[in-house]
Q: 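Here it is, the structure, as structure tokens.
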Amino acid sequence: MRIVLLTGAGMSAESGIPTFRDALTGLWARFDPQRLATPSAFREDPALVWGWYRWRAARVRQARPNAGHDGIAALETLGHAVTVITQNVDDLHERAGSSRVLHLHGRLLSSRCSDCGARTVPDPIVAAPLPTDDGAREEPPACAHCDGGRLRPDVVWFGEALPDDAWNAAQEAIAACDLLLVVGTSGLVHPAAALPAIALLRGSPVVEINPDATGLSTQADAAWRLPASRGIQRLIALLRGSPRADARELLAKRPS
Ligand code: APR
């Protein structure tokens with residue numbers, strides 16, 4: 001079966017990484033993430049924004065993939081063609097073993113020059129010394145490849161375009177899938193939030209896995225009010241129980 005998963009911050013919540021709309025802590029507590037993750041914030045206060053991303057990168061590197069990430073990777077060993085489309089900038093899907101991960105909003109553990117786009121190896125965003133638990137302002141390093149550029153996180157900020165290759169591949173994967181699972185996303189941020197509609201319009205089964213209701217819940221074929229780890233385990237139990245079933249037959253079964 002061609003299974004596509006669209007994941008959001010809730011996918012990494014059980015790994016201890018706060019969702020995007022969780023309150024921030026430490027130095028950043030008085031800032032709104034949606035204000036920090038913008039080109040204007042970086043222009044106005046590059047040390048605050050670079051320090052925040054260095055702190056987030058350190059937390060991601062200390063985190064571990066959870067049972068949800070591991071379960072998604074295990075789907076491939078069950079013989080299914082799996083594409084993960086993620087809004088997350090962490091690398092937990094890759095570390096769990098997923099082999100096809102499309103990052104719509106970029107990658108936290110990577111940086112590039114804000115002028116020439118060049119990357120620096122080893123990447124300073126994950127270099128020692130690691131930020132303290134509360135984080136601190138840090139001046140972004142100057143680019144070693146051009147005159148005057150400074151490094152910025154390799155993520156998509158609000159107001160910036162998504163990477164064409166990931167966006168086009170995501171649309172193609174959903175347009176050809178047998179089953180779409182939407183895991184741990186509030187569905188508030190476009191254009192990613194528009195992706196499930198491609199499956200719904202084609203009549204492909206859509207399952208939402210989220211402890212809370214979202215705008216997709218009433219449109220999906222099933223809305224499992226579960227955390228990601230338990231929702232993915234339910235999917236695996238259904239697939240193992242009926243390896244030959246198609247997605248609609250699977251969804252008609254009572255989960256064990
Ligand atoms: N398992 C599954 N879902 C969970 C869990 C969990 N353990 N814990 C929380 N959630 C759900 C929340 O109920 C919420 O619906 O995860 C969702 C997280 O929503 P957001 O914090 O809005 O994160 P996300 O949807 O990924 O945001 C999308 O917007 O903020 C920007 O670029 C940022 O990539 C992010 C994008």
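Whatever order the structure lists them in is the order used to number ligands and atoms, beginning at 1.
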Q: What atoms of ligand 1 come closer than 4.0 angstrom to any heavy atom of Phe158?
A: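 Close to Phe158: 30 (O), 31 (C).
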
Q: Check contact between Asn210 and ligand 1, using heavy atoms of the residue and a distance below 4.0 angstrom.
A: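 Under 4.0 Å: yes for Asn210.
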
Q: Looking at CZ of Arg61 and CZ of Arg95, how far apart are the two atoms once the value is rounded to the nearest 0.5 Å?
A: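 It is 8.5 Å, given to the nearest 0.5 Å.
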
Q: Which ligand 1 atoms are under 4.0 Å away from a heavy-atom of Ala9?
A: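 Atoms satisfying the 4.0 Å criterion: 23 (O), 24 (P), 26 (O).
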
Q: Check whether any side-chain N or O of Gln233 sits under 3.5 Å from a backbone N or O of Ala67 as a donor-acceptor pair, and report yes or no.
A: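 Yes; at least one donor-acceptor contact below 3.5 Å.
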
Q: On a heavy-atom basis, I'd like to know which of Thr185, Asp212, Ile209 is closest to atom 24 (P) of ligand 1.
A: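 When every heavy atom of Thr185, Asp212, Ile209 is considered, Thr185 comes closest to atom 24 (P) of ligand 1.
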
Q: Closer than 3.5 angstrom, by distance alone: can the side chain of Ser114 be matched with the main-chain N or O of Arg150 as a donor-acceptor pair?
A: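 Checking the backbone N and O of Arg150 against the side chain of Ser114, a donor-acceptor pair under 3.5 Å is found.
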
Q: Under a 4.5 Å side-chain heavy-atom rule over Ile, Leu, Val, Met, Phe, Trp and Tyr, are Val183 and Leu235 clustered together?
A: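 Yes.
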
Q: Is there a donor-acceptor pair closer than 3.5 Å between any side-chain N or O of Asn168 and the backbone N or O of Pro163?
A: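 No, because the side chain of Asn168 does not come within donor-acceptor range (under 3.5 Å) of the backbone of Pro163.
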
Q: Kindly identify the option in Ser217, Ser12, Ala228, Pro33 whose heavy atom sits closest to atom 2 (C) of ligand 1.
A: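 Ranked by closest heavy atom to atom 2 (C) of ligand 1, first place is Ala228.
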
Q: Taking N or O atoms only and a 3.5 Å limit, does Ala13 qualify as a polar contact for ligand 1?
A: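 No; the residue has no nitrogen or oxygen that sits under 3.5 Å from a nitrogen or oxygen of the ligand.
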
Q: Which one holds for Gln87 and ligand 1: side chain close, backbone close, both close, or neither close, with close meaning a heavy atom under 4.0 Å?
A: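 Both parts.
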
Q: Considering only heavy atoms, does Val189 approach ligand 1 within less than 4.0 Å through its side chain, its backbone, both, or neither?
A: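 Just the side chain.
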
Q: Mind listing the closest non-hydrogen atom pair of Ala173 and Val4 along with its distance?
A: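 Taking Ala173 first and Val4 second, the nearest heavy atoms are O-CG2, 3.6 Å.
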
Q: Below 4.0 angstrom from a heavy atom of Gly8, which ligand 1 atoms are there? Numbered from 1 as shown, please.
A: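 What qualifies from ligand 1 is 26 (O).
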
Q: Do the ring planes of Trp55 and Trp28 sit parallel (below 30°), tilted (30 to 60°) or perpendicular (above 60°)?
A: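 Geometry flag for Trp28 against Trp55: tilted rings.
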
Q: If we set the cut-off at 4.0 Å for heavy atoms, which region of Ser186 has an atom near ligand 1: side chain, backbone, both, or neither?
A: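 Contact part for Ser186 vs ligand 1: both backbone and side chain.
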
